[in-house]
Every structure is written in C-alpha cells, then in structure tokens.
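One structure below.
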Amino acid sequence: MSGLLAACGTVGSLAPQQSVAVVDKANPDSRVNIDSLSTVIRSNPNDPVAYNTRGAAYARQGQYNDAVRDFSQAVTLDPGYAAAYTNRALAYRQSGKDDAALGDFTQAITADNRYAAAYVGRANLLRTRGDTTQALSDLSRAISINPESAEAFHARGLVYQKTGNHQQAIRDFDAAIDRNPFVAAPYTARGQSLIETGQFEKAVEDFNASLHVNNNNADAWAARGVALERQGKTREATESYQRAQGIDDRNRVARDGLARVNKGNRLF
C-alpha cells in the first residue's frame, strides 16, 4: 500500500509554467492553444522556447510523440536547454521509455546543475527502479536549490516511505503540505505512513483531506478503510472499501479489506 506520485514537471522559466504529465484531452481550448503556438512557430522557426511550450501543450493532450518531436527540436536549437530535456524525459516516461527518460534527466542536469525539476524527475524514476540512495541524493539536492519545492519534499517522502523510514517520510510530507496544501497526494502518502506508525485517527484525517481535494481516489478510500478497520470501526471501513472498489474494482487493498471484514477477520 504505497503512495505514488507520478513524475511531473514544468517547462523552464523562459516559458509559461505548464505541467507536462497532465493529460487534458477533454479541454477544447488545448487544441486552440496548440494551433496558436503553431502559428508562433511558423513566424519564429528558430525559437526553442516556442517548441518547448508547444511540446508541453501536446503532452497535456496525451500526444507524447508530437511532444517529444517538439522538445527534440528545442534542444537541437539550444543544446543547453535543461527544461526541454526535462520535459522530453517526462514525455518519454509517459510513453514507457524509461531508459531514454533517465538519459534526458541526466542531460538536463549536465546542462544546468541547478535545475531542480530535473533532479526531482530523475529521483522519481530512480525510486521506481529501487535506487533509493541516488534518489535521496537527487531530492536533497533539489531541496537545497529550491527549499520551497513541495514536489521535492513529497518525492523525498515517498523514497523514505519506500525504505520504511516513516517518521522521516511524515516530516517530508508535512513540509510538502505546508508549501502547497491544495494537492491530494501528500495527504494520502502521509496517511499511509501514519498507519505504519500506528497513528490511525490522524491517518483518517489525512485521507479525508485528500478526498476533499479528489473524491475519486481509490487508493485514498482504500487506505482510509485500513485506518478505520485498525480502529475497530468495521462499518465505516466497509463503506470506504466499497467506495474504493466502486472507483477501481481491481484495487487490491479494498478487495482484501472487504474480504476480511465480511468474514469477520481482524487486520492485526
């Protein structure tokens, strides 16, 4: 039952701050934005920032091949463009090309060793590969560069959580939430570590906060069920597990929890 945050990043300071990892196919304005950016590129075919910005727009639409092509043109025009390497790495990750992504994150850091987003992106990838030592090093470097980065603290908390250091994970999730209290994922992750440290009531409070931001998070509902079950609140736990399964019927935590409470077993 691990909290996971998909790698996300932004284009560089020379362009609008746009997340690459968010797919927004339902937004008709995105298509208009791409058309407008294409017009800009036709007028400025040697502008790497324009390609980087359109690449981010393509990525938000889930058009990762088009995004990679634009980011590639951006770094061809400006081989030192750390933001474009980072964005291309994120697009590669969304396409399942993790080796290429790792190379691009490293290239971004080589181009600009103070570009914090590249360290965060590389660390998220390294965490999924089990290289927690290098991931922690990258995230500590990102935090030293940008101490106000909620993303870096959240990502480092996930690494500590993965290694079983839940007290340190909770401290990092605290820091992430302090810097940006309007994102669901750090509440979910902190709640999971609170369960591991036996703080079930606080965990429920965190899952409630997470669900207040995003009510369709099956993992948060399922973990909330675990925290309630640990407190002996079987009826409420059952409701949480059912909500999780209603969102994702493959959620293993919810499925196992329902099986337990229906059989009268206890999670101890």
Side-chain angles (χ1 to χ4, degrees), residues 2-22 48-49 52 55-56 59 71 74-75 78-94 97-181 183 185-186 188-190 192-193:
S2 60
L4 298 177
L5 179 67
C8 64
T10 59
V11 301
S13 58
L14 296 177
Q17 296 295 301
Q18 300 168 338
S19 173
V20 182
V22 175
V49 174
N52 187 49
F71 296 139
V75 297
D78 180 1
Y81 199 171
Y85 284 116
T86 300
N87 284 338
R88 189 171 69 177
L90 293 165
Y92 278 141
R93 285 214 67 189
Q94 293 291 335
K97 299 176 181 178
D98 283 356
D99 287 340
L102 185 59
D104 267 0
F105 285 131
T106 300
Q107 185 62 45
I109 291 166
T110 300
D112 181 358
N113 66 6
R114 292 192 58 79
Y115 192 65
Y119 289 101
V120 175
R122 188 169 71 175
N124 282 326
L125 174 51
L126 291 170
R127 186 190 77 243
T128 67
R129 292 186 164 192
D131 188 350
T132 54
T133 300
Q134 184 59 50
L136 285 174
S137 176
D138 276 359
L139 291 165
S140 295
R141 173 64 173 156
I143 290 167
S144 72
I145 295 167
N146 182 9
E148 295 306 310
S149 173
E151 294 81 3
F153 277 107
H154 178 266
R156 194 173 69 175
L158 292 175
V159 178
Y160 282 126
Q161 189 177 69
K162 186 179 181 72
T163 62
N165 189 348
H166 291 286
Q167 295 292 354
Q168 185 59 56
I170 289 168
R171 284 191 284 271
D172 272 357
F173 296 139
D174 288 344
I177 291 166
D178 284 345
R179 285 157 178 76
N180 187 354
V183 177
T188 302
R190 188 172 67 180
Q192 291 167 337
S193 283

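The model shown is predicted, which means the values in this text are computed figures rather than measured ones.
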Checklist entry - Does the side chain of Y160 come under 3.5 Å of the side chain of D172 through a donor N or O and an acceptor N or O? => result no
Checklist entry - Are the side chains of N124 and R93 in touch, meaning some heavy atoms are under 4.5 Å apart? => result yes
Next on the checklist: Using 0.5 Å steps for rounding, measure from the CD atom of E148 to the CG atom of N180.
Outcome noted: 11.5 Å
Checklist entry - Which pairs with one or both residues in residues 105-123 pass salt bridge (Lys or Arg N to Asp or Glu O under 4.0 Å), sequence neighbours excluded? => result R122-D138
Next on the checklist: Restricting to non-hydrogen atoms, name the atom on A152 and the atom on L139 that form the minimum distance, rounded to 0.1 Å.
Outcome noted: O-CD2, 3.9 Å
Item to check | Side chains of S140 and R156, donor plus acceptor under 3.5 Å | outcome: yes
Checklist entry - What's the verdict on side chain to side chain contact (heavy atoms under 4.5 Å, CB included) for R129 and L102, showing C-alpha distance, side-chain angles and the deciding distance? => result CA-CA 11 Å; R129 292 186 164 192; L102 185 59; 3.6 Å; yes
Checklist entry - What's the spacing between F105 CZ and L90 CG if we round to 0.5 Å? => result 4.0 Å
Checklist entry - Between A176 and F153, what is the shortest heavy-atom contact and its length? => result N-CB, 3.9 Å
Item to check | NE2 on H166 to CD1 on I170, rounded to 0.5 Å | outcome: 8.0 Å
Next on the checklist: So which atom in A169 and which in S193 form the shortest heavy-atom distance, rounded to 0.1 Å?
Outcome noted: CB-OG, 3.8 Å
Next on the checklist: Test your reading of the model: is there a side-chain donor-acceptor pair from Y85 to the backbone of G103, 3.5 Å cut-off?
Outcome noted: no
Checklist entry - Mind checking whether I143 and Y119 have side chains closer than 4.5 Å, heavy atoms only? => result no
Checklist entry - Ignoring hydrogens and geometry, is there a side-chain-to-backbone donor-acceptor pair from R179 to P147 under 3.5 Å? => result yes
Checklist entry - Looking at CD1 of I109 and CD of Q107, how far apart are the two atoms once the value is rounded to the nearest 0.5 Å? => result 10.0 Å
Checklist outcome for this item: Smallest heavy-atom separation, V75 atom then R88 atom, equals CG2-NH1, 3.9 Å
Checklist entry - When you look at D104 and Y92, which way does the side chain to side chain donor-acceptor pair (under 3.5 Å) test go after all the steps? => result CA-CA 9 Å; D104 267 0; Y92 278 141; 4.9 Å; no
Checklist entry - Does L125 offer a backbone N or O that forms a donor-acceptor pair with the side chain of T128 under 3.5 Å? => result yes
Checklist outcome for this item: dist T86:OG1 -> F71:CZ (nearest 0.5 Å) comes out at 10.0 Å
Checklist entry - Can you name the nearest heavy-atom pair linking A108 to A118, along with the distance? => result CB-CB, 3.7 Å
Checklist entry - Looking at CG of L136 and OG1 of T133, how far apart are the two atoms once the value is rounded to the nearest 0.5 Å? => result 7.0 Å
Checklist entry - Considering all heavy atoms of both residues, which atom of Q161 and which atom of A189 are nearest to each other, and what is their separation? => result NE2-O, 2.9 Å
